[in-house]
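What follows is one structure encoded as structure tokens, with my remarks underneath.
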Amino acid sequence: MADPKGFLTTGREVAQTRPAGERVKDWNEVYVPGSLLPIISKQAGRCMDCGIPFCHNGCPLGNLIPEWNDYAYREDWSAASERLHATNNFPEFTGRLCPAPCESACVLGINQPAVTIKNVEVSIIDKAWDSGDVTPQPPERLSGKTVAVIGSGPAGLAAAQQLTRAGHTVAVYERADRIGGLLRYGIPEFKMEKSHINRRIEQMRAEGTKFRTETEIGRDIDAAKLRRRYDAVVIAAGATVSRDLPVPGRELNGVHYAMEYLPLANKVQEGDLTVSPITAEGKHVVVIGGGDTGADCVGTAHRQGALSVTQLEIMPRPGEERNANQPWPTFPMLYKVTSAHEEGGERVYSVSTTHFEGDEDGNVQALHLVEVEFKDGKLEQKPGTERVIPAQLVTLAMGFTGTDQANGLVQQFGLELDARGNIARDEDYATNVGGVFVAGDAGRGQSLIVWAIAEGRSAARGVDRFLTGASALPAPIRPTDRSLTV
């Protein structure tokens with residue numbers, strides 16, 4: 001145990017953010033550089049080293065949280081990094097982007113603020129990179145087997161790294177011009193600077209993983225031909241089909257999916273564009289959808305100089321404390337104020353968009369909405385609550401409905417889908433097509449980054465067993481596992 005009295009004597013402290021007025025003028029990460037290290041050892045000492053660490057249950061990766069908390073408390077950063085990497089290929093990603101279900105499951109969180117597990121994690125990995133403790137781990141020998149991984153998001157990268165280290169020759173195919181999937185073009189720079197992805201890619205290259213960008217399987221390469229070329233294939237193409245809003249005026253200029261808007265802003269930061277073709281500058285912006293993608297749109301609009309930003313959510317405003325029907329250690333639905341919300345804008349709950357209004361040139365100018373409420377388990381409009389708000393840019397951030405089928409990948413492989421439209425797989429993550437496996441959102445549906453990495457690691461074990469007859473690779477979750485709920 002780190003500090004037997006740490007949870008009694010030390011209060012919770014989290015990473016400091018730069019002043020909102022300062023950070024909206026740039027695209028750097030919102031946190032004060034170096035602000036965590038002076039406090040993080042004491043924060044790690046708040047870990048109670050519980051007899052049953054429920055944080056393990058909250059995290060699908062099975063992170064060894066009490067162990068690396070203890071090492072962080074003792075400032076043994078190399079040992080902490082080793083324990084961290086034992087279960088997680090990319091802790092710098094999860095430490096920045098994960099909503100931390102481990103903290104919701106923290107035993108201390110029953111009656112006190114939980115341990116800052118996420119902050120400890122990112123401190124350990126950042127220190128490891130700075131100290132040179134993160135090095136390539138090439139395999140001792142090659143198996144002679146080849147694997148294609150389709151998609152370079154967290155699931156695809158995790159599967160590729162595990163399989164490369166197991167001795168297989170792995171090529172990752174990505175339809176975008178850079179590796180990273182949604183990490184690259186769906187996550188704004190202010191949430192995670194892309195240098196963190198770049199150095200992991202270089203580590204993977206040094207280990208032997210090959211990368212093929214601007215290559216879409218199904219369009220640029222026939223999926224059946226790809227299968228014949230490789231001994232196994234892992235599909236980690238994500239659930240990239242955005243949920244639409246079929247209301248009058250949807251066709252107006254200025255109404256875009258979030259994943260049309262966000263990647264262009266990232267391309268400006270990559271230096272590919274001088275100005276985004278879809279910009280919030282000088283406009284009243286409305287973001288439809290109250291989740292993390294919606295918050296990313298809010299923060300992006302602030303940095304582009306929006307006149308106003310309004311975020312709409314059809315569900316009621318969550319409470320700030322756990323409801324009785326969401327007891328510890330489940331992941332509760334709580335009112336969350338992200339860094340983007342701290343920077344300004346208005347959040348409106350329990351409303352539904354009825355239609356968009358445009359000008360004579362076909363550009364959106366206003367959004368009509370109405371308040372809604374639950375009655376007999378159904379959402380119904382409240383008469384007399386209609387109103388109009390200005391909107392020259394609208395982003396639809398209402399989630400995703402499944403993997404892309406328009407590119408022909410599913411049909412060319414001959415894959416079966418489950419009842420939810422995801423690619424069906426068995427306990428080894430294998431599809432109905434021999435030698436073809438699926439990991440991440442393409443098989444699970446829209447989920448969290450920790451689940452994607454856990455799926456990539458688990459699918460890698462299934463592939464390794466298929467290729468060699470046995471595997472020593474870990475499989476932290478089964479395809480049927482789900483978040484801890486009531």
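Everything quoted here is computed from the prediction, not taken from an experiment.
- Put simply, the side chain of Arg461 gets close to the backbone of Ser471: a donor and an acceptor are under 3.5 Å apart.
- Remark: side-chain polar atoms of Arg322 are paired, donor with acceptor, to backbone N or O of Thr330 under 3.5 angstrom.
- Side-chain N or O atoms of Arg46 include one that pairs as donor or acceptor with a backbone N or O of Pro113 at under 3.5 Å.
- A side-chain donor-acceptor contact under 3.5 Å links His302 to the backbone of Gly344.
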Thr240/Asp404 under side chain to side chain donor-acceptor pair (under 3.5 Å): CA gap, chis, key distance, verdict: CA-CA 6 Å; Thr240 57; Asp404 186 1; 4.9 Å; no
Test side chain to side chain donor-acceptor pair (under 3.5 Å) applied to Arg96 and Tyr31, step by step: CA-CA 10 Å; Arg96 287 173 167 83; Tyr31 298 104; over 6 Å; no
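- Residue pairs that meet the salt bridge (charged side-chain N to carboxylate O under 4.0 Å, His left out) test with at least one member in residues 33-42, sequence neighbours left out, do not exist here.
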From CA spacing to verdict: side chain to side chain donor-acceptor pair (under 3.5 Å), Ser152, Glu174: CA-CA 6 Å; Ser152 68; Glu174 168 58 51; 2.7 Å; yes
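- Qualifying side-chain hydrogen bond (donor to acceptor under 3.5 Å, both in side chains) partners for Arg478, counting only residues two or more places apart in sequence or in other chains: Asp481.
- Looking at Lys194 and Glu270, no side-chain N of the basic residue comes within less than 4.0 Å of a carboxylate O on the acidic one, giving no salt bridge.
- Side chain to side chain, Glu29 and His196 meet the donor-acceptor criterion of an N or O pair below 3.5 Å.
- Looking at Val233, Val436, Val410 one by one, the single match for side chain to side chain contact (heavy atoms under 4.5 Å, CB included) with Thr431 turns out to be Val436.
- The line from CZ of Arg347 to CG of Leu312 is 12.0 Å long, rounded to the nearest 0.5 Å.
- For Asn198, the side-chain hydrogen bond (donor to acceptor under 3.5 Å, both in side chains) test picks out Arg184, with sequence neighbours left out.
- Look at Arg165 and Glu207 and you find a salt bridge, because one of the NZ, NE, NH1 or NH2 atoms lies within 4.0 Å of a carboxylate O, short of that distance.
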Working for side-chain contact (heavy atoms from CB on, under 4.5 Å), residues Asp70 and Asp49: CA-CA 8 Å; Asp70 182 51; Asp49 193 18; over 6 Å; no
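- Not a single donor-acceptor pair under 3.5 Å links the side chain of Gln43 to the backbone N or O of Thr116.
- A salt bridge links Arg23 and Glu343; the closest N-O separation between the charged side-chain nitrogens and carboxylate oxygens is under 4.0 Å.
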Trace of the side-chain contact (heavy atoms from CB on, under 4.5 Å) decision for Trp77 with Ile124: CA-CA 6 Å; Trp77 300 108; Ile124 293 170; 4.0 Å; yes
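- The aromatic rings of Phe437 and Phe466 sit perpendicular, their planes meeting at an angle over 60°, well past the 30° parallel limit.
- A salt bridge links Arg425 with Glu455: the closest approach of a Lys/Arg side-chain nitrogen to an acidic carboxylate oxygen falls below 4.0 angstrom.
- At a threshold of 4.0 Å, the pair Lys378-Glu380 does not count as salt-bridged, since none of the basic side-chain nitrogens sits closer than that to a carboxylate oxygen.
- Between the side chain of Asp441 and the backbone N or O of Arg444 there is no donor-acceptor pair closer than 3.5 Å.
- A donor-acceptor pair is defined here as one N or O able to donate and one able to accept, closer than 3.5 Å; such a pair exists between the side chain of Arg243 and the backbone of Met398.
- Ser458 contributes atom OG, which lies 10.5 Å from atom CG of Asp428 (distance to the nearest 0.5 angstrom).
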